[in-house]
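Taking it in order: structure first as structure tokens, then the write-up.
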There are 2 protein chains.
Amino acid sequence: MLFCEQCTRVHYEVVPVPVTIKDIARAARMSHSTVSRALRNHPSVSAETTARIQRIAEEMGYVPSAVARSLKTSRTRVIGVIVNRIADPFFSRVLDGIQDVVQDRTYSLFLASANYGLNDDQAIQAMVERRIDGLIICATYMTREYRERLDRQGVPSVLVHNRSAEDAENAIYHDDIFGGQQMTRHLIDLGHRRIAYLGNAHAGRSSHERLQGYRMAHAEAGLSVREDYVLEANSGTAQSGAWGASTLMALSEPPTALFCYNDLMAIGAMSALQKAGLQVPGDWSIVGFDNITLSAFVNPPLTTFDQPKYRLGQQAARMMFDLLDDDSEAAPRPGIVILRGSLLARESAAPPAE
Amino acid sequence: MLFCEQCTRVHYEVVPVPVTIKDIARAARMSHSTVSRALRNHPSVSAETTARIQRIAEEMGYVPSAVARSLKTSRTRVIGVIVNRIADPFFSRVLDGIQDVVQDRTYSLFLASANYGLNDDQAIQAMVERRIDGLIICATYMTREYRERLDRQGVPSVLVHNRSAEDAENAIYHDDIFGGQQMTRHLIDLGHRRIAYLGNAHAGRSSHERLQGYRMAHAEAGLSVREDYVLEANSGTAQSGAWGASTLMALSEPPTALFCYNDLMAIGAMSALQKAGLQVPGDWSIVGFDNITLSAFVNPPLTTFDQPKYRLGQQAARMMFDLLDDDSEAAPRPGIVILRGSLLARESAAPPAE
DNA sequence: CTGAAAGCGCTTACAG
DNA sequence: CTGAAAGCGCTTACAG
């Protein structure tokens, strides 16, 4: 029974109190210093003592306190991750990649959602208070200002697929120029000459780079780009895809192929065309980008670009550990990793009708 | 410069050292006790002192250490969550619901992946070492043994949609009997009499309960269930759906409607039927379950059951906080929350052809 | 090989 | 209203 200043109430303890090294020390008739060392197999403790202490700890159900250890060592072995939304089909797969590498290294993961900018502050603050060893940012809108705050606190950070192009240190990107070029070249190779691109204004850099690849593929093939075929929706949803398709259908000379910023938009566009009585790929060829799980199961299966989402996550975590492991006196060396995916030809793109 | 026993090397400090309450105390010429109280707006500190100290803390860029606070208070304000796989389309949405409630209460989230049973031990161990205040388990296979281990450590746990039916305390389930009944009744109402159910052996309880609902709907309508229409695949993938559809197509008298355990299977089944030249919903009606994002964008849009995934997560978090807030002397009261979703009629189910 | 001591950054009962 | 002291559960330089 104890009295508490904070809530001015009397409390009765009911929860089991965890075993500490002191409890083990008492049981083993050793000092807690020796117990501490024995539990971590420190070479200066004799083999018998180590064995005996570990057995007792096991029997007593001892689980070390990472909290106490962290306070002493000033390392938490926790990596923080900030995402916009956990259920984002792209970033949730990236998270899997991060989690697996982090778990392999016996680190843990702190997760916070930035809610597309609404909770940036709160998320960062919570991470810094918890003294995470490093932060991986999968929140596309997070800006330089936040990174500076992290730098000031001595928290290394890695950016994954950030929308801003300005941040050029410790970042993982996907090669969107290459991807855009591959998709467009595929449509050109099939015989298309009137090819549209439907971008996503919210995506920033990655949409611009896919467009850049689209232009490069045209230039390579000696084709010029018709600017009325280059559209930009204000979101990356299926609804935006439908909007894009409708806009293009209304043109006096509509395209025969459409390259959408992402799969969701491509699927929305396909729906809209089919509702209007058009055949895909008979009348229009449609290609997406990302290779989300279900792109394989729509009808027709979507030709898309397989972004290495899981590998992006793995690389991000590895870059983080490189920063943490770096015990040279110099500042951690900055870096950018750019990964390439590959074209995934399925059935939504075919030669044009004529 | 300091020497380290562990790695027997000399280290040079390069990282910025965080500001502590002692630093603030020195700057403010106050004791660190007073600083501590002032920072938390303790009423016993004078208003001027509080204001002055908070200003100084702000100027010095102070960020409190949750690690130190946790050690002292033996509460971390961290909720752990274990999932099978982060990118799981069902649980990632549940996670969103958990995260939002947890963040609202200014708690943080620890996330670990159980990898479908492969890392159960490691995940639990990490959580207990970090002294999380409570654990929400979204790992379908996790058994009673683990909960007992948690109970012994005094860590309250909440189960979300666990596959085993044995665990009956502090769990959130979806009412799968009701859901299965609704879907089947819908098909019966459309005029179908030969209706198949394709279950998922890996899903355990939830698959059995959907089947139970299917049987109830038949009984209600005075129809008998044909046992050759009741199948069970060994996974919940699109491939399994295709397998189920093929198996049923091969029957001498195939069904006219198919209720699949989940959307992924329904989409796989639909693909298989369309590949075989059959029309959905002309020749076969197909319905799924879950309402995953893309079920609205397949062709035809899938009739499904809208599971309240986000709400499941919210409820789980709320139940956790109920357990934590409970300061009665009695053991936390156990509970089960069962949520109901609703039928979402789209276009993949229609009256049978004949 | 082992132990006593100090300290990581906080909170809080107790004394003034 | 403020401060000195103890302590949360560990790690580790130092002394024996």
Pairing string of DNA chain C (Watson-Crick or G-U wobble, both atom distances under 3.5 Å; | = paired to other strand) is |||.||||||||.|||
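- Listed pair A:Arg40 / D:dT11 meets the phosphate criterion, a side-chain N or O lying under 4.0 Å from OP1 or OP2.
- Between D:dC10, C:dC10, C:dG3, one nucleotide has an atom nearer to the side chain of B:Lys72 than all others, and that is C:dC10.
- In this structure, A:Arg69 places its CZ atom 18 Å from P of C:dG9, rounding to the nearest Å.
- Looking at residues 45-60 of chain B, you'll see B:Val45, B:Ser46, B:Thr49 sit with a heavy atom under 4.0 Å from some atom of DNA chain D.
- In this structure, A:Arg37 does not reach the C:dG3 phosphate: none of its side-chain N or O atoms is under 4.0 Å from OP1 or OP2.
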Name the atoms and distances for all side-chain donor-acceptor pairs under 3.5 Å in residues 16-25 of chain A, with sequence neighbours left out.
| from | atom 1 | to | atom 2 | distance (Å) |
| --- | --- | --- | --- | --- |
| A:Thr20 | OG1 | A:Lys22 | N | 3.2 |
| A:Thr20 | OG1 | A:Asp23 | N | 3.4 |
| A:Thr20 | OG1 | A:Asp23 | OD2 | 3.4 |
| A:Asp23 | OD1 | A:Arg26 | NH1 | 3.4 |
| A:Asp23 | OD2 | A:Thr20 | N | 2.8 |

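- With sequence neighbours excluded, the residues satisfying side-chain contact (heavy atoms from CB on, under 4.5 Å) with B:Leu71 are A:Val67, A:Ala68, A:Leu71.
- Using a 4.0 Å heavy-atom cutoff across all strands shown, A:Ser36 reaches at least one base atom of the nucleic acid.
- Judged as a salt bridge (charged side-chain N to carboxylate O under 4.0 Å, His left out), the pairs with a partner in residues 64-83 of chain A (not counting sequence neighbours) are, in order, A:Arg75-A:Asp133.
- Closest to the side chain of B:Lys22, out of C:dC8, C:dG3, D:dT2, is C:dC8.
- Contacts of residues 23-33 of chain A with DNA chain D (heavy atom under 4.0 Å): A:His32, A:Ser33.
- Side-chain nitrogen and oxygen atoms of A:Thr73 include none within less than 4.0 Å of the OP1 or OP2 phosphate oxygen of D:dT11.
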